[in-house]
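Please read the structure below before turning to the comments.
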Amino acid sequence: MKLLRAPIISNNEIAPAIWVLWLQAPEIAAAAEPGQFVMVETGDGYDPLLKRAFSVFRVSGDDSAAPERLGLLYTPSGRGSSRTARRRPGESVEIIGPLGRGYNVPPQARNLLMVAGGVGIAPIAFLAERAIAKGRSVTILQGGASAQQLFPGQELPPEVELVTATLDGSAGRQGLVTDMVPEHLDWADQVFACGPMAMYRTLAGQLPRLPSRKQCQVLLETPMACGFGLCYTCAVETRRGTKLVCKEGPCFDLREIDWEALP
Ligand code: FES
């Protein structure tokens with residue numbers, strides 16, 4: 001884990017309300033794994049006081065063996081992320097990372113099914129890129145409210161099979177992204193997901209169809225004040241006791257989560 005000031009390389013809207021912030025942060029980019037996150041200063045001085053968590057979306061560099069740049073994908077919605085969208089190259093932000101425990105891909109898993117809701121595509125895209133580089137097969141199920149809110153498929157490795165669903169039917173199949181999961185479960189050796197809690201609850205209802213040897217790994221999102229185990233704002237109840245999402249997650253097996261105890 002490093003704390004540093006990272007110069008902004010670029011900060012652009014790549015699709016409606018989907019932004020990518022590229023930072024020069026070699027120490028963090030070289031160590032980041034899919035599913036990990038960084039805490040980023042979003043304001044000036046003390047407003048807002050706390051850093052905000054961003055999933056790592058991508059790393060890159062001239063020498064891919066030692067990436068130097070860190071890409072973060074976000075939607076400007078709250079106060080912090082809206083301020084981030086106003087940042088320009090030449091400025092810098094303080095960041096801490098990489099943080100947390102990311103996805104764990106078992107060595108024997110060949111066929112990876114990934115489910116992304118909204119900007120949950122950020123860590124999924126990173127995971128897909130790493131999996132394809134290791135010769136694995138990847139299918140991504142991506143969902144959004146409408147075609148405009150989908151992550152552009154051309155930004156993913158061409159080997160990925162991308163299947164989309166939108167609520168209004170303006171792209172792909174009409175309905176929820178989770179509607180498409182059951183038909184892919186036999187093919188998948190492992191399932192990985194990132195999206196809102198409602199999506200995870202639906203996935204949990206589909207788990208009885210997934211053999212117990214296959215995991216469904218999800219990234220939990222909770223309020224986080226510190227990001228590294230000091231403040232306990234991110235504590236969640238699991239079937240193995242109370243866990244800190246920032247330190248013992250954010251990746252959990254969906255079967256571990258105690259849905260009754262979650263808000
Ligand atoms: Fe502070 Fe997890 S965010 S302990």
Side-chain angles (χ1 to χ4, degrees), residues 11-21 34-35 52-55 57-58 71-86 103 111-129 137-188 191-210 216-222 250 254 257 259 262-263:
N11 188 21
N12 296 316
E13 190 174 24
I14 60 164
I18 300 179
W19 286 65
V20 178
L21 172 69
R52 181 188 180 283
F54 289 76
S55 272
F57 163 55
R58 197 161 268 165
L72 308 175
L73 181 141
Y74 65 100
T75 291
S77 47
R79 208 157 58 101
S81 53
S82 298
R83 283 185 180 221
T84 299
R86 294 197 288 273
Y103 294 115
N111 298 334
L112 310 188
L113 177 64
M114 304 184 187
V115 187
V119 285
I121 192 71
I124 292 291
F126 189 20
L127 179 65
E129 211 169 74
S137 299
V138 172
T139 295
I140 295 181
L141 309 180
Q142 181 186 202
S146 68
Q148 282 208 321
Q149 292 176 10
L150 293 177
F151 178 76
Q154 66 271 21
E155 295 276 335
L156 293 168
E159 298 88 347
V160 168
E161 186 186 343
L162 177 66
V163 190
T164 57
T166 50
L167 286 179
D168 65 1
S170 53
R173 196 181 296 186
Q174 182 163 20
L176 295 169
V177 66
T178 44
D179 296 344
M180 305 189 291
V181 170
E183 65 208 72
H184 292 85
L185 287 182
D186 287 343
W187 170 83
V191 183
F192 303 87
C194 187
M197 281 294 186
M199 187 182 102
Y200 294 157
R201 282 183 194 273
T202 308
L203 276 176
Q206 295 166 336
L207 276 186
R209 303 181 60 167
L210 190 69
C216 178
Q217 298 177 33
V218 301
L219 297 187
L220 285 191
E221 192 180 322
T222 58
L254 195 55
I257 297 167
W259 293 105
L262 279 185

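- Every residue two or more places apart in sequence or in another chain was checked for a side-chain contact (heavy atoms from CB on, under 4.5 Å) with Q174, and none qualifies.
- The two atoms that bring S81 and G78 nearest to each other are OG-N, 3.2 Å, heavy atoms only.
- Side-chain contact check for L219 versus Y200: some heavy-atom pair is nearer than 4.5 Å.
- Atom CG of L156 sits about 10.0 Å away from atom CE of M114, to the nearest 0.5 Å.
- For the pair F151/T164, no side-chain contact is recorded, criterion being any heavy-atom separation below 4.5 Å from C-beta on.
- In this structure, Q217 places its CD atom where more than 12 heavy-atom neighbours from other residues, nucleotides or ligands lie under 6.0 Å away.
- Side-chain atoms of L127 and V138, non-hydrogen and from C-beta on, never get closer than 4.5 Å to each other.
- The side-chain heavy atoms of I257 and V218, taken from C-beta on, include a pair separated by under 4.5 Å.
- In this structure the side chain of M199 never reaches within 4.5 angstrom of the side chain of T202, judged on heavy atoms.
- Applying the side chain to side chain donor-acceptor pair (under 3.5 Å) rule to Q149 yields no partners; only residues at least two apart in sequence or on another chain are considered.
- The two residues G144 and L150 come nearest to each other via the heavy atoms N-CD2, 3.7 Å.
- In this structure, L72 CG and R58 CZ are separated by 12.0 Å, a value rounded to the nearest 0.5 Å.
- The two residues T84 and N11 come nearest to each other via the heavy atoms O-ND2, 2.7 Å.
- Not a single donor-acceptor pair under 3.5 Å links the side chain of Y74 to the backbone N or O of S55.
- A distance of 10.5 Å separates CG of L203 from CG of L176, quoted to the nearest 0.5 Å.
- Across all non-hydrogen atoms, the minimal contact from G35 to P250 is O-CG, 3.5 Å.
- For the atom pair L141 CG and E161 CD, the distance stands at 8.5 Å (nearest 0.5 Å).
- A donor-acceptor contact shorter than 3.5 Å links the side chain of S170 to the backbone of A147.
- Looking only at side-chain heavy atoms (C-beta outward), M180 and V177 come within less than 4.5 Å of each other.
- Formation of a donor-acceptor pair under 3.5 Å by the Q206 side chain with backbone atoms of V181 is not found in this model.
- Across every non-hydrogen atom of A17 and T75, the tightest pair is O-OG1, 3.0 Å.
- The two atoms that bring F192 and Y103 nearest to each other are CD2-CD2, 3.5 Å, heavy atoms only.
- More than 12 heavy atoms of other residues, nucleotides or ligands lie within 6.0 Å of CD in E159, so this atom counts as buried by the packing criterion.
- Within the 4.5 Å cutoff, no side-chain heavy atoms of T139 are placed close to those of L112.
- Here the NE2 atom belonging to H184 is positioned 14.0 Å from the CG atom belonging to L210, to the nearest 0.5 angstrom.
- I124 contributes atom CD1, which lies 6.5 Å from atom CD1 of I121 (distance to the nearest 0.5 angstrom).
- Using a 4.5 Å heavy-atom threshold, the side chains of W19 and V119 count as separate.
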